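The structure appears below as structure tokens.
Just so you know, these numbers come straight off a predicted model, no measurement behind them.
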Amino acid sequence: MSLCSSATENSSPLKTYEEVKNYYGKQLSNTKDLKTSACAAPSKPLPLHLKAALDQIHEDISSRYYGCGLSVPESLENCIMLDLGSGSGRDCYMLSKLVGQKGHVTGIDMTDEQLELSRKYIVFHTEKFGFQLPNVDFVKGYIEDLKAANIKDNRYDVIISNCVINLSPDKKAVLREAYRVLKDGGEIYFSDMYINKALPAELKESKVLWGEGLGGALTWKELFDIAADIGFCTPRLVTARYITVNEELKNIIGDYKFVSATFRLFKVPKDAVKVKCRAVYNGGITGYEQKLELDANITFKVGEAVEIDEELSSILKCSRFVDKFSFQEAGNMPCSGSSHLSKETIRNPFELAEALSNGAQYSCSGDSGCS
């Protein structure tokens with residue numbers, strides 16, 4: 001695979017890679033050194049089981065965390081997972097606790113210093129979690145070329161990435177590789193930074209902006225176009241919040257705005273049957289026993305039939321969620337129940353960030369749609 005897509009008109013990928021390696025491997029000593037609010041607390045309260053897992057992560061690992069969200073989807077028991085740009089390994093270790101001894105988590109990173117740190121604590125966390133054998137490993141490589149790191153086709157149930165794809169000079173290559181290594185029914189669930197309009201070339205040249213993730217940020221519409229070209233289902237927006245920057249960066253970026261947003265992209269078989277139906281969440285997912293907020297637009301409550309569209313129907317029936325739901329086909333639909341089929345579906349993370357900053361609740365399951 002070629003890695004020839006450049007970060008800027010005058011910057012080769014190799015130069016970009018080396019600058020990012022230097023920034024995260026040598027210039028930053030801990031989270032406090034970053035110049036934006038990207039590593040602030042998640043925009044939603046943590047479920048208790050996630051907080052408990054995070055509390056068991058070694059402090060040396062947590063203090064070198066540079067993510068911009070919390071990339072932890074639901075129903076991970078026994079899953080095979082991949083973390084793109086695993087950094088210090090914080091998310092990998094948290095996930096290793098969640099997938100359990102029968103699951104496995106692989107982290108891939110290109111930075112030697114981060115890999116050395118993450119590998120240092122494998123035995124510590126194996127013992128901390130009460131596992132007989134490690135269920136996590138870390139490999140060196142580029143997320144644009146997973147094949148070179150011996151990452152096999154159709155292997156993973158879930159891929160996560162936390163504020164890393166925006167650092168890549170070839171984001172389409174990253175998502176294309178993610179699609180290749182996902183199983184049918186799998187998903188990539190990732191937090192990243194997005195910009196409200198394209199940066200001019202001269203600002204993309206800034207090493208600080210690239211290192212902070214701002215210089216390479218996509219617009220959300222660019223993400224949707226890339227996902228469609230590759231074959232993913234429509235990106236599903238989970239949450240978003242505005243990113244604030246320090247005075248140094250304000251003087252550089254002017255009126256450009258940035259958000260940290262989490263999207264989930266599912267890979268379903270090309271021959272999957274797509275029909276409208278009603279889905280009933282049966283519960284049984286740790287931490288989400290009474291309701292499942294699949295994204296910002298839809299929440300499933302236990303025992304409640306929700307009308308869903310053709311694409312979401314295929315996602316639920318082809319993914320690891322299939323045994324958590326019961327389905328009522330269109331011809332057998334009762335008149336009662338609720339629907340998420342609303343013209344108010346929100347896809348723009350800036351719109352969601354604005355709404356949430358004003359106290360709005362967007363996830364919906366009622367007949368009136370989202371509010």
Looking at [atom1] of [X] and [atom2] of [Y], how far apart are the two atoms once the value is rounded to the nearest 0.5 Å?
X      : Y      : atom1 : atom2 : result
Ser71  : Met81  : OG    : CE    : 9.0 Å
Ile143 : Asp83  : CD1   : CG    : 10.0 Å
Arg90  : Leu54  : CZ    : CG    : 5.0 Å
Asn297 : Thr345 : CG    : OG1   : 5.0 Å
Leu84  : Glu144 : CG    : CD    : 9.5 Å
Glu289 : Thr286 : CD    : OG1   : 6.0 Å

Decide if atom [atom1] of [X] counts as having more than 12 heavy atoms of other residues, nucleotides or ligands within a radius under 6.0 Å.
X      : atom1 : answer
Gln132 : CD    : no
Lys183 : NZ    : yes
Glu116 : CD    : no
Lys102 : NZ    : no

Full working for side-chain contact (heavy atoms from CB on, under 4.5 Å) between Leu265 and Phe190: CA-CA 9 Å; Leu265 278 62; Phe190 66 107; 3.5 Å; yes

Less than 3.5 Å apart, any donor N or O on the side chain of [X] or [Y] sitting next to an acceptor on the other?
X      : Y      : answer
Thr219 : Asn196 : no
Asn154 : Lys267 : yes
Tyr242 : Glu354 : yes
Asn162 : Ser191 : no
Thr111 : Asp109 : yes
Lys152 : Asn150 : yes
Glu311 : Thr234 : yes

Pairs satisfying ring-ring contact (aromatic ring centres under 6.0 Å, His included), at least one member in residues 151-185, at least two apart: Tyr179-Phe232

Inter- and intrachain pairs under ring-ring contact (aromatic ring centres under 6.0 Å, His included), touching residues 85-114, at least two apart: Tyr93-His125, Tyr93-Phe138

Closest non-hydrogen atom pair between [X] and [Y], with its separation:
X      : Y      : result
Ala149 : Gly141 : CB-CA, 4.5 Å
Cys277 : Ser313 : SG-OG, 3.5 Å
Leu133 : Gln101 : O-NE2, 3.0 Å
Arg236 : Leu294 : NE-CD2, 4.1 Å
Leu356 : Ala240 : CD1-O, 3.6 Å
Pro73  : Arg264 : CB-NH2, 3.7 Å

So does [Y] get a backbone contact from the side chain of [X], meaning a donor-acceptor N/O pair under 3.5 Å?
X      : Y      : value
Asp112 : Leu115 : no
Lys171 : Gly216 : yes
Thr299 : Glu293 : no

Lys197 to Tyr256, cation-pi by 6.0 Å centre distance and 45° axis angle: yes

Aromatic Phe350 / basic Lys257 pairing, under 6.0 angstrom, 45° off normal: no

Quick one: are [X] and [Y] in side-chain contact, heavy atoms under 4.5 Å?
X      : Y      : answer
Lys120 : His58  : no
Asn282 : Phe300 : no
Gln290 : Lys301 : no
Lys324 : Ser75  : yes
Asp229 : Phe224 : no
Leu182 : Val158 : no
Val105 : Asp137 : no
Leu98  : Leu50  : yes

Verdict with reasoning, Glu329 to Lys317, per salt bridge (Lys or Arg N to Asp or Glu O under 4.0 Å): CA-CA 12 Å; Glu329 300 303 333; Lys317 292 177 181 179; 3.1 Å; yes

Tyr288-Tyr281 aromatic ring centre distance below 6.0 Å: no

Evaluation steps, side-chain contact (heavy atoms from CB on, under 4.5 Å), between Val139 and Thr106: CA-CA 7 Å; Val139 300; Thr106 295; 4.2 Å; yes

Is any NZ, NE, NH1 or NH2 atom of the basic residue among [X] and [Y] found under 4.0 Å from an Asp or Glu carboxylate oxygen of the other?
X      : Y      : value
Lys276 : Asp309 : no
Lys51  : Asp55  : yes
Asp157 : Arg320 : no

Taking a hydrophobic cluster as the set of Ile, Leu, Val, Met, Phe, Trp and Tyr residues connected by side-chain heavy atoms closer than 4.5 Å, whether directly or through intermediates, do [X] and [Y] fall within one such cluster?
X      : Y      : result
Val273 : Leu316 : no
Ile315 : Val275 : no
Ile298 : Val280 : no
Leu218 : Trp220 : yes

Worked verdict on Phe129 versus Phe124 for side-chain contact (heavy atoms from CB on, under 4.5 Å): CA-CA 9 Å; Phe129 300 153; Phe124 171 87; over 6 Å; no

Working for side-chain contact (heavy atoms from CB on, under 4.5 Å), residues Ile188 and Leu82: CA-CA 9 Å; Ile188 175 170; Leu82 176 66; over 6 Å; no

Parallel, tilted or perpendicular: ring planes of Tyr194 versus Phe263, cut at 30 and 60 degrees: perpendicular

Partner of Val72 under side-chain contact (heavy atoms from CB on, under 4.5 Å), chosen from Ile160, Leu95, Thr262: Leu95

